[in-house]
Amino acid sequence: MSDTAALLARLADDAQQDQQRALRRLREWAHAQAPAFRRAGRLRGLAALGTVGWAAGLGLAAKLALHGQRSGVTPVSVLPAVCLVAAGLALRAWLLTAGDRAADEAAAAVRHALRGRLLDAALPAWRQPASTTESQPGDAAYVQALDEEVDRLTDWLTGYVPARRTMLIASGIVLAAIASGSWLVALLLVLATPLLPANLKVIGMGTRTAVQAQLTAARTLSARLLDQLRGLPTLVGLGADERAALAVEQDDRELAHRTQAVLRVAFLSTAWVELLITGTLAVVATYCGLVLLDYLHLPGIPSTMGLGTALFALVLTPAYFAPVRELARGYHARAEASAAAELVHGLLDVTATGRATPRPADAPRSIHLSGVGVAFPQRDRPALDDVTLTAHPGRVLALTGPSGAGKSTLLAVAAGLLAPDSGSSTHQADGTRQPADPRAVSWIGQPCHLLPGTVRANLLLARPDADDAALDAAFATLGFADLRAALPDGLDTVVGERGSGLSSGQIQQLVFVRALLRDAPVLCLDEPTAHLDPDAEERVMAAVRTLARDRTVLLATHSPALLRIADTVVAVDRGRISTVTPYGVTS
């Protein structure tokens, strides 16, 4: 064997192994819903009984019509055929609907579980520190995976996974029905069947490569577009906006080219399957026509057939291949899903060796930072350098210092939103220490975020089961009852993107109400009174004092007023703690 042939063989083996690994991952993800997918396959397969029923009704109608030429056709005489057709159609529709519902529910459960894993992986604290990994996925990669790549599994889950069971049951039922009328037609279908698997294999091999290239191009475009939007003011200031637009346009053209390649492979492969099925149907139709016209007289071949039997066989021939056609369509979905699975698994694999912490308890917890160091790429000094700090429940610890001193980074490490490069960040509850867990933290940053929708929908993000009484009680507890009364439509008041329609003070107060509903044992505040007028700042300070009664509160601020309510003030400068000053609460 030549070197070139050996290289090609090795590349083919590698591609086959990659595909097998992707398919194993897909099967693992779908395994939890395997009973539901099997039920969907059985229901869809049994729907062939309805097809046989209405095909038999058509054959009976043709037989009655032929006999009616002599004795006359009346509505009563064809009533059994009409009833058989209606019953078959109704049975088929009911079984297909039930099967589709089972497949859709199982697929939704698989997607939900996978998105949950991706969201866990997207939290920086669940990743390895930047210094121990070569590269970290960007935000655009996670958004692309959550929004599009997980959805690309839908057709495979609802179509291909149940399709094999459907094909075995449905094709077996139809073939048995055809054989009861004409064993030769059944034999012709059986002889045509082995030609399909080889074609389906070619479809899978050709589609997978094209789809993977398309998904990679889509992710590249998303990442570039997100980066350009984030840096748009800088690009405009540097006069580089046109060059950035050209780069996005080039990526867009690449994605369009890859998409055309996927469509081309899909159309050509589908056309070959349809050609094979149409050719088989033509052979069956020719045989039935020759027999009906009494033109076929060959030894060992049946030369007689009734009109009803011929029509029955012709109607059921496409029904025999229908599950195979769905499986062929599922091969394209499988190739698309396996390509998406490789990209999604690449994101999940970032945290494969990470820790799995238990669900946080409601008990108060203290925060312990020991020798924490954090360094960001392309910065000449660390953001945090050998920081050791302890915060206790029921007390407010304030961080102060100039902009860029490392206050926000310290908050993120304490909240478990950022894994330190050195040292440790732990939470202690009920005498047990565990790694800092962002699920035990309510975070209020600047600017505060409200999602487009109603005030009620934004508050229910923190506690989905809260009723209006619980929401009103949260407003009253924080002293925001007047805000509740001032909302034009109450809790149904609609807010726009970033809370548009409300003042900055109202947005901040709603975020504190949401934090109270969240009822997490740790509260981290990053400049909670920035850009607020004195009256709004005083209301926020009162809310902080209320929330601090049974929580551990860390806040980063430049406000002298907020520093006065702190139990301890920690001055941060150039990533190090310079001074620690105990304060008395001035409430």
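- Here the straight-line distance linking atom CD1 of Ile367 with atom NE2 of His392 works out to 10.5 Å at 0.5 Å rounding.
- Nearest heavy atoms, Thr557 versus Leu555: CG2-CD1, 3.2 Å.
- No side-chain heavy atom of Phe480 sits less than 4.5 Å from a side-chain heavy atom of Leu516.
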For the pair Asp151 and Arg115, evaluate salt bridge (Lys or Arg N to Asp or Glu O under 4.0 Å) and give the outcome as yes or no after the intermediate values.
CA-CA 10 Å; Asp151 282 340; Arg115 283 194 170 101; 2.7 Å; yes
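- With sequence neighbours excluded, the residues satisfying side chain to side chain contact (heavy atoms under 4.5 Å, CB included) with Arg39 are Ala36, Arg42, Leu43, Ala102.
- If you take CD on Glu527 and CG on Leu411, they are separated by 9.5 Å, rounding to the nearest 0.5 Å.
- Side-chain contact, Asp492 with Thr454: no donor N or O sits under 3.5 Å from an acceptor N or O.
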Could you go step by step and tell me if Leu554 and Leu525 meet the side chain to side chain contact (heavy atoms under 4.5 Å, CB included) rule?
CA-CA 6 Å; Leu554 276 75; Leu525 310 172; over 6 Å; no
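- Nearest approach of Gln33 to Ala106, heavy atoms of both residues: CG-O, 3.6 Å.
- Atom CG of Leu384 and atom CZ of Phe376 lie 7.5 Å apart (nearest 0.5 Å).
- Note: Ile577 CD1 to Leu410 CG = 6.5 Å, rounded to the nearest 0.5 Å.
- Contact between Arg514 and Leu461 at its shortest, heavy atoms only, is NH1-CD1, 4.1 Å.
- Between Leu397 and Leu399, the closest side-chain pair of non-hydrogen atoms falls below 4.5 Å.
- The two residues Ala462 and Leu517 make their nearest non-hydrogen contact at CB-CB, 4.0 Å.
- Residues satisfying the salt bridge (Lys or Arg N to Asp or Glu O under 4.0 Å) test with Arg576, not counting sequence neighbours, are Asp385.
- Between the His427 side chain and the Ala414 main chain, a donor and an acceptor come within less than 3.5 Å of each other.
- Side-chain N/O atoms of Arg111 and Thr154 include a donor and acceptor closer than 3.5 Å.
- Rounded to the nearest 0.5 angstrom, Ser408 OG and Leu417 CG are separated by 11.5 Å.
- Looking only at distances, no side-chain donor or acceptor of Lys407 sits under 3.5 Å from a matching main-chain atom of Asp526.
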Determine, stepwise, if the pair His368 / Ser370 fulfils side chain to side chain donor-acceptor pair (under 3.5 Å).
CA-CA 6 Å; His368 302 272; Ser370 178; over 6 Å; no
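- Partners of Arg551 according to the salt bridge (Lys or Arg N to Asp or Glu O under 4.0 Å) rule, which considers only residues two or more places apart in sequence or in another chain, are Asp519.
- Between Arg253 and Glu249 there is a salt bridge, since at least one side-chain N of the basic residue sits less than 4.0 Å from a carboxylate O of the acidic one.
- Using a distance-only test at 3.5 Å, with no hydrogens or angles considered, no donor-acceptor pair links the side chain of Thr400 to the main chain of His558.
- Considering only heavy atoms from C-beta on, Pro393 comes within 4.5 Å of Ser366 through its side chain.
- Of all heavy-atom pairs between Val387 and Gly575, the closest is CG2-O, 3.4 Å.
- Closest of all the heavy-atom pairs between Ala515 and Leu523 is CB-CD1, 4.3 Å.
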Would you check, one step at a time, whether the test side chain to side chain donor-acceptor pair (under 3.5 Å) holds for Gln428 with Arg433?
CA-CA 4 Å; Gln428 181 173 342; Arg433 286 196 184 188; 3.1 Å; yes
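- Salt-bridge formation is not detected for the pair Asp467/Arg456: no Lys NZ or Arg NE/NH1/NH2 atom is positioned less than 4.0 Å from an Asp or Glu carboxylate oxygen.
- Residue Asp100 holds its CG atom at 8.0 Å from OG1 of Thr158, rounded to the nearest 0.5 Å.
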Could you walk me through whether Cys524 and Val522 pass side chain to side chain contact (heavy atoms under 4.5 Å, CB included), step by step?
CA-CA 7 Å; Cys524 290; Val522 177; 4.2 Å; yes
